[in-house]
Amino acid sequence: MMASSSVSSILDGIAAAGRSFGENEAGSREALIEYSRSLVAALEIPSEFIQRTRYVSQHSYCCGRQAFPAPERSGWRRASALSEKAGVDVALLERLTRHLVAMYLITYHDGAFHATTLSNGLAEENYQHSISFCYDAARPSFNGFPEFFKKTQYRSPSLGSLEGPFQDAHKTQLPFFEWLVATLLHLQHFDSFMSAYRAGKANWYDPGFYPVSERMISGFDGSSSDVLLVDVGGGRGHDVAAFAAQHVSRMGRIILQDREPVIADVLASGKERLFEAQVHDFFTPQPIKGARAYSLHSILHD
Ligand SMILES: C[S@@+](CC[C@H](N)C(=O)[O-])C[C@H]1O[C@@H](n2cnc3c(N)ncnc32)[C@H](O)[C@@H]1O
């Protein structure tokens, strides 16, 4: 009885959010996703939950990484052509890709696999690297939680401790960021993940979000500091790059700061940049004083 009344209220929510989505209202897409997830949670039985979380997501990961080499993910392909391209036995490939179809990542009809908007997006290098980071670097810690906390008698790890679940899972004494530098492939995957983890969402400097022109750009006084914006711990500069591109007529320098290996990678890429890149450890005093604005985006937890 309770389940069905909550199902009907979720369905009402879906209908209302669906109407807002049709009118392109901000937040309606996210609301629809949330309602859909709550609908699944209200309907799913434990055995289905286990299949979906433990089984299907693992398979999607393996299949997503192995079955479709990135350049082949748009358009459609017959299994034999995919098999040849991916170097995966055709029978194995068909078995693996069926899981991707079950997860709605790709579709199968007329004797061929068809890419979707989602699978084409996930085929981009940044997302491929992000999947690798989440599974290869982050997931072992989560998998190890039960044993780790049992071993440490369910005590919360102390701040800055080098004996946490991460170190335990990866058999290292290094802090996370130093471990990344010591395992360069993970560093590359992490940096890609940083540029992808909220891509496609609204930025604080987008129109209608924060009044950048009124509060940051107008009134900028270059005599106190010629720096408009410092992005502290800004990764490879995805935020500052988009900020600079949106506000081309602004005055003042834009500076990206991050750790040495990240900045070295930015400089080595040789790509044209609308910002400067500077090595700075944010645990040391900020060398740029009096800038118009400092952005500290998703770094305070570090
Ligand atoms: C979670 S990411 C956030 C990246 C970016 N600000 C964003 O919101 O997408 C944290 C960033 O802080 C950087 N970082 C970590 N420790 C740092 C330190 N001691 N000094 C400077 N940057 C650091 C990392 O290299 C990474 O780019």
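One-based numbering, in listed order, for ligands and for the atoms of each. Values in this document were obtained by computation on a predicted structure and should not be read as measured data. Computed from heavy atoms alone, side chains included, the values below leave out hydrogens, waters and symmetry copies.
Residue Phe283 has at least one heavy-atom neighbour below 4.0 Å for each of these atoms of ligand 1: 19 (N). The Asp302 neighbourhood of ligand 1 comprises atoms 10 (C), 12 (O), with distances under 4.0 Å to a heavy atom of that residue. Residue Gly235 has at least one heavy-atom neighbour below 4.0 Å for each of these atoms of ligand 1: 27 (O). Which parts of ligand 1 touch Ser298 is read off a 4.0 Å heavy-atom cut-off, strictly below it: atoms 1 (C), 2 (S), 3 (C), 8 (O), 10 (C). Every atom of ligand 1 is numbered from 1 in the order shown, and the set under 4.0 Å from a heavy atom of Asp281 is 18 (C), 19 (N), 20 (N).
At the top of the distance list for atom 14 (N) of ligand 1, counting protein heavy atoms only, stands Phe282 CE2, 3.6 Å. Regarding atom 26 (C) of ligand 1, its nearest protein heavy-atom neighbour is Asp258 OD2, 3.7 Å. Atom 2 (S) of ligand 1 has its closest protein heavy atom at Met194 SD, 2.9 Å. Annotation: atom 21 (C) of ligand 1 to nearest protein heavy atom, His280 O, 3.1 Å. Protein heavy atom at the shortest distance from atom 9 (O) of ligand 1 is His238 NE2, 2.7 Å.
In this model, a donor atom of one side chain and an acceptor atom of the other lie less than 3.5 Å apart for Ser298 and Tyr197. In the model, Gln257 has a side-chain atom that pairs as donor or acceptor with a side-chain atom of Gln286 under 3.5 Å. Of the N and O atoms on the side chains of Asp206 and Gln246, at least one donor lies less than 3.5 Å from an acceptor on the other residue. Defined by atom type and a distance below 3.5 Å, a donor-acceptor pair is present between the side-chain atoms of His297 and Asp239. Counting only N and O atoms by type, the side chains of Ser195 and His238 include no donor and acceptor under 3.5 Å apart.
Classification of Asp221 and Arg292 as a salt-bridged pair fails, no side-chain N sitting under 4.0 Å from a carboxylate O.
Taking any N or O of Asp191, backbone or side chain, none lies under 3.5 Å from an N or O belonging to ligand 1. On a distance-only criterion, Asp231 and ligand 1 share no N/O pair closer than 3.5 Å. Between Gly233 and ligand 1, a contact under 3.5 Å exists for at least one N or O pair.
Heavy atoms of Arg198 stay at 4.0 angstrom or farther from ligand 1.
In the hydrophobic clustering of this structure, Phe282 does not group with Leu187; members are Ile, Leu, Val, Met, Phe, Trp, Tyr whose side-chain heavy atoms approach within less than 4.5 Å, directly or through other members.
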